[in-house]
Chemist: 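Take a look at the following structure, please.
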Amino acid sequence: MGNGTKIPLSFLLILALVFPSAPQITAASYPINVWPKPTTFSWRQPQLTLLSPNFSIQFPANPYLKPAVSRYFNQIFSEHYSPLVVPHLNVTTSAPLACLSIGVTDLSAQLAHGVNESYALTVPSPSESTTATLTAETVWGAMRGLETFSQLIFGNPPRVASGLYISDQPLYTYRGVMLDTSRNYFTVGDLKRLIKTMSMNKLNVFHWHITDSHSFPLVLPSESVLAEKGAYGEKMKYTPEDVKALVEFGMQYGVRVVPEIDMPAHTGSWAEAYPEIVTCANMFWSPAGSNPLAAEPGTGQLNPLNPNTYEIAKNVIDDAINIFPDSFYHGGADEVNANCWKTDKDIQAFLAKNGTLSLLLELFVNSTLPYILSKNRTVVYWEDVLLSSDINVSASLLPKENIILQTWNNGPNNTKRLVEAGYRVIVSSADYYYLDCGHGDFTGNNSLYNQPPGTDLGNGGSWCGPFKTWQSIYNYDITYGLNEEEAKLVLGGEVALWTEQADSTVMDPRFWPRTSAMAETLWSGNRDETGMKRYAEATDRLNEWRNRMVARGIAAEPIQPLWCIRNPGMCNTVQ
């Protein structure tokens, strides 16, 4: 492995032209595939070449490329992946592949929204050269290419697909995963494993929903009392040092870490330290004979009429921005509950004087949003802040150049409403991308489950059931129903795992390989070169990719019996 030897980009581009750009072709016809499927995959005469025992990777000096190269170099020679279906290809032993040369145009490009992640990879046949080339505009594109290169290698001794050319770039700039660490705690090691697997799947944003009504695990320097009183325990906290390490880990894997400190709703945990600024805290969530005080157990909302609310909220925002360097900041603003606010006497008086709940939310947003924007952040809110039917704010308070809205309700309908209003959108439709759905209801003493045999339980108590299968996720078009200009406002998509019924013991199978399905659709789409959905041929490829993830230590759940893979086509339907 060599460091600091920069190959002239012009030379690398000439080598890349050995295999000119080809139209997208069905990867299922190949004995070796890459997940997510590349934009262009040209392999005219499939063959294999051994890796030389003295194989090296030449790359330009960069603090993030260096650990990535080291990581992949070690993986290449230690993985010894055994495919579910072993490719029956000739292996050339006379001229093993001796080197991978990496060229990067812009070594200073930062990991930020919209950064160029394209790359081109050439693995020549032995008769042409024993040097493969990887060219990229940025270090982050080079990381994506290294992942692709690693998936072309299997066996012991390692052999690599040769005589091929790949040109690749993502369809969407935002390809995310959201994890809630308030309802159940996840260790820093769990979060690093999630980021590592995201990088394998070419996903680039970890949206960290850190706090909620259930716990406040984030230690903030100026408001340490929030975690001291609001975390589940001393060993269930994230310190600034933890955050710094996780952000740096994400950089090494090409994954941004975007924090979410949800407010003004979902803030019951704040009341452990500051009960005076939280309405309806620690009340039973659904009193008999009255409307619920929250969407689920765990009540509490910040009081927009209490001046102390803003002093504390600004301290929280300031600290969070200081320890999370990403330019995106997620402010939450979802599921504000009218009944919770109405339990407060000051709010009751405000409403009696012709005030409205929407004015209360506007007061909160108008007092906190400008402060976040003054910190040079782009703010992400859940769609509720604009689209909620009973408590919302005027669009005039949400500047389109500074605000991104994340949609989770009503599938493509709400996406359409948001882009029609001119907002950039992240799609997290609960109908397709909520990975916690379909596991029933978590409330106790629930008579729903005490029904006579034969009773239709519908979705089994899961408000967003049924379970979101990988096929449903794969076939979802996040720009469905949008015209060309509206579709440009969709930045990408994001799966979400809310953790009422999930912790580290089930994290991997909840995410994988279903999240891999979204990853491919956001990277290269879900249609073949003719425009037809390619979910049919994706099945075998996803089986193989899931198997490789398991071999890499990720407990991804199976999507079919092994028998199906060993008997191609026998598990298909007649369609």
Side-chain angles (χ1 to χ4, degrees), residues 1-3 5 7 15 18-19 27 30-38 41-59 65-102 119-135 142-166 168 196-197 199-202 253 541 543-554 556 565:
M1 188 171 56
N3 180 14
T5 306
I7 309 298
L15 284 177
V18 170
F19 294 96
Y30 293 135
I32 297 176
N33 293 287
V34 173
W35 196 282
K37 181 181 177 182
F41 192 120
S42 178
W43 196 13
R44 292 184 175 87
Q45 294 180 323
Q47 58 186 306
L48 301 173
T49 303
L50 289 178
L51 284 187
S52 169
N54 299 315
F55 177 81
S56 65
I57 301 178
Q58 302 291 331
F59 61 98
L65 185 56
K66 182 176 181 179
V69 168
S70 178
R71 182 170 71 245
Y72 280 106
F73 183 85
N74 292 331
Q75 179 175 284
I76 285 168
F77 283 98
S78 64
E79 187 171 30
H80 303 313
Y81 177 63
S82 178
L84 291 172
V85 179
V86 179
H88 296 292
L89 296 174
N90 292 328
V91 182
T92 302
T93 59
S94 58
L97 190 69
C99 180
L100 172 66
S101 291
I102 300 176
Y119 68 92
L121 174 66
T122 300
V123 185
S125 62
S127 62
E128 294 166 324
S129 175
T130 58
T131 297
T133 60
L134 170 60
T135 62
M143 286 187 192
R144 307 305 176 216
L146 280 166
E147 174 58 41
T148 292
F149 183 70
S150 77
Q151 292 184 34
L152 297 173
I153 298 169
F154 72 96
N156 187 15
R159 58 213 62 189
V160 60
S162 61
L164 60 77
Y165 170 73
I166 291 172
D168 210 6
K196 178 181 177 181
T197 319
S199 184
M200 293 179 200
N201 286 271
K202 298 186 174 69
Y253 282 80
R541 292 190 294 109
N543 270 318
E544 193 68 67
W545 175 231
R546 177 261 171 185
N547 189 58
R548 190 183 280 257
M549 283 195 291
V550 170
R552 292 179 176 183
I554 308 304
I565 299 126

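Counting from 1, the numbers follow the sequence of the chain as shown.
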Chemist: Suppose the criterion is salt bridge (charged side-chain N to carboxylate O under 4.0 Å, His left out): which pairs have a residue in residues 148-159, not counting sequence neighbours?
Modeler: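 For residues 148-159: none.
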Chemist: Look up atom CZ in Arg71 and atom CE in Met143, then write down how far apart they are to the nearest 0.5 Å.
Modeler: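 Here the rounded value is 6.5 Å.
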Chemist: Nearest 0.5 Å, what's the CG-OG1 distance between Leu152 and Thr49?
Modeler: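 Leu152 CG to Thr49 OG1: 11.5 Å, rounded to 0.5 Å.
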Chemist: State, yes or no, whether a side-chain contact exists between Cys99 and Gln58 at a heavy-atom distance under 4.5 Å.
Modeler: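 Counting from C-beta outward, Cys99 and Gln58 do come under 4.5 Å.
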Chemist: Would a 4.5 Å heavy-atom cut-off, applied to side chains only, mark Phe154 and Arg548 as touching?
Modeler: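 Of all side-chain heavy-atom pairs linking Arg548 with Phe154, at least one is under 4.5 Å.
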Chemist: Would Ile554 and Met200 count as a side chain to side chain contact (heavy atoms under 4.5 Å, CB included) here? Give the steps.
Modeler: CA-CA 11 Å; Ile554 308 304; Met200 293 179 200; 4.2 Å; yes
Chemist: First locate atom CD1 of Ile57, then atom CD1 of Ile76, and finally report the distance between them rounded to the nearest 0.5 Å.
Modeler: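 Separation between the atoms: 4.5 Å.
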Chemist: Would you call Ile153 and Gln75 a side-chain contact if the rule is heavy atoms closer than 4.5 Å?
Modeler: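 No, side chains not in contact.
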Chemist: Can you tell if the side chain of Leu50 reaches within under 4.5 Å of the side chain of Leu97, non-hydrogen atoms only?
Modeler: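 Counting from C-beta outward, Leu50 and Leu97 never come under 4.5 Å.
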Chemist: Does the plane of the ring in Phe55 sit parallel, tilted or perpendicular to the ring in Phe73? Use 30° and 60° as the thresholds.
Modeler: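 Ring orientation, 0 to 90° scale: parallel.
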Chemist: Under a 3.5 Å distance rule, please check whether Thr92 uses its side chain to pair with a backbone N or O of Ser94 as donor and acceptor.
Modeler: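 No: the side chain of Thr92 does not pair with the backbone of Ser94.
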Chemist: Under a 4.5 Å cut-off applied to non-hydrogen side-chain atoms, are Leu100 and Leu121 in contact?
Modeler: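 With C-beta onward as the side chain, the pair touches.
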Chemist: Less than 4.0 Å between a side-chain N and a carboxylate O, is that true for Lys202 and Glu147?
Modeler: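 Result for this pair is no, no salt bridge flagged.
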Chemist: Check step by step if side chain to side chain contact (heavy atoms under 4.5 Å, CB included) holds for Ile166 and Phe149.
Modeler: CA-CA 10 Å; Ile166 291 172; Phe149 183 70; over 6 Å; no
Chemist: Rounded to the nearest 0.5 Å, what separation is found between the CH2 atom of Trp35 and the CE atom of Met549?
Modeler: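 It is 9.0 Å, given to the nearest 0.5 Å.
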Chemist: Do you know which two heavy atoms are closest between Arg144 and Ser199, and how far apart they sit?
Modeler: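 Here Arg144 and Ser199 meet closest at NH1-OG, 3.9 Å.
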Chemist: Treating Arg546 as the side-chain partner and Ala556 as the backbone partner, does any N or O pair qualify as donor plus acceptor under 3.5 Å?
Modeler: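 Confirmed, Arg546 side chain pairs with Ala556 backbone.
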Chemist: Quick check: closest heavy atoms across Leu65 and Ala142, and the distance to 0.1 Å?
Modeler: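 Scanning both residues, the minimum pair turns out to be CD1-CB, 4.1 Å.
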Chemist: Give the minimum heavy-atom separation between Pro126 and Ala95, together with the two atoms involved.
Modeler: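 Looking at all heavy atoms of both residues, the shortest contact is CB-O, 3.7 Å.
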Chemist: Between Phe41 and Tyr30 (judged by ring centroids, cut-off 6.0 Å), do the two rings come close enough to count as a pair?
Modeler: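 Distance test on ring centres: under 6.0 Å, yes.
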Chemist: Measure from the side-chain N and O atoms of Asn547 to the backbone N and O of Asn543, and report whether any donor-acceptor pair falls under 3.5 Å.
Modeler: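 Such a contact is absent between Asn547 side chain and Asn543 backbone.
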Chemist: Do you know which two heavy atoms are closest between Pro124 and Ala132, and how far apart they sit?
Modeler: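 Closest heavy-atom pair between Pro124 and Ala132: CD-CA, 3.8 Å.
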Chemist: Just so I know, are the side chains of Gln47 and Ser125 near enough to count as touching, which here means a heavy-atom distance under 4.5 Å?
Modeler: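 Contact flag for Gln47/Ser125 side chains = yes.
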Chemist: Got a donor-acceptor contact below 3.5 angstrom from the Ser78 side chain to the Asn74 backbone?
Modeler: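 Yes, because the side chain of Ser78 sits within donor-acceptor range (under 3.5 Å) of the backbone of Asn74.
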Chemist: If you take all heavy atoms of Pro83 and Val86, which pair is closest and at what distance?
Modeler: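 Scanning both residues completely, I find the closest heavy atoms to be O-CG2, 4.0 Å.
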Chemist: Sequence neighbours left out, what passes side chain to side chain donor-acceptor pair (under 3.5 Å) with Tyr253? Give chain and number order.
Modeler: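 With sequence neighbours excluded, Tyr253 shows a side chain to side chain donor-acceptor pair (under 3.5 Å) to no residue whatsoever.
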Chemist: Answer yes or no: is there a donor N or O on one side and an acceptor on the other, between the side chain of Ser129 and the main chain of Thr131, under 3.5 Å?
Modeler: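 Side chain of Ser129 to backbone of Thr131, a donor-acceptor pair under 3.5 Å: yes, one is there.
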Chemist: Would you mind reporting whether Leu134 and Tyr119 have side-chain heavy atoms less than 4.5 Å apart?
Modeler: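 Yes, their side chains come closer than 4.5 Å.
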Chemist: Please round to the nearest 0.5 Å and tell me the distance separating atom CG of Leu89 and atom CD of Gln45.
Modeler: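 Going from CG on Leu89 over to CD on Gln45, the span is 12.0 Å.
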Chemist: Is the shortest side-chain heavy-atom distance between Trp43 and Ile32 below 4.5 Å?
Modeler: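 Yes, close enough: below the 4.5 Å cut-off.
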Chemist: Drop me the distance from Asn156's CG to His80's NE2, to the nearest 0.5 angstrom.
Modeler: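 Taking CG in Asn156 and NE2 in His80, the distance rounds to 4.0 Å.
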Chemist: Given side chain to side chain donor-acceptor pair (under 3.5 Å), test Glu544 with Tyr81 step by step and report yes or no.
Modeler: CA-CA 11 Å; Glu544 193 68 67; Tyr81 177 63; 2.3 Å; yes
Chemist: For a side chain to side chain donor-acceptor pair (under 3.5 Å) check, start with the C-alpha distance between Asn33 and Trp545, then their side-chain angles and the critical distance, and finish with the verdict.
Modeler: CA-CA 9 Å; Asn33 293 287; Trp545 175 231; over 6 Å; no
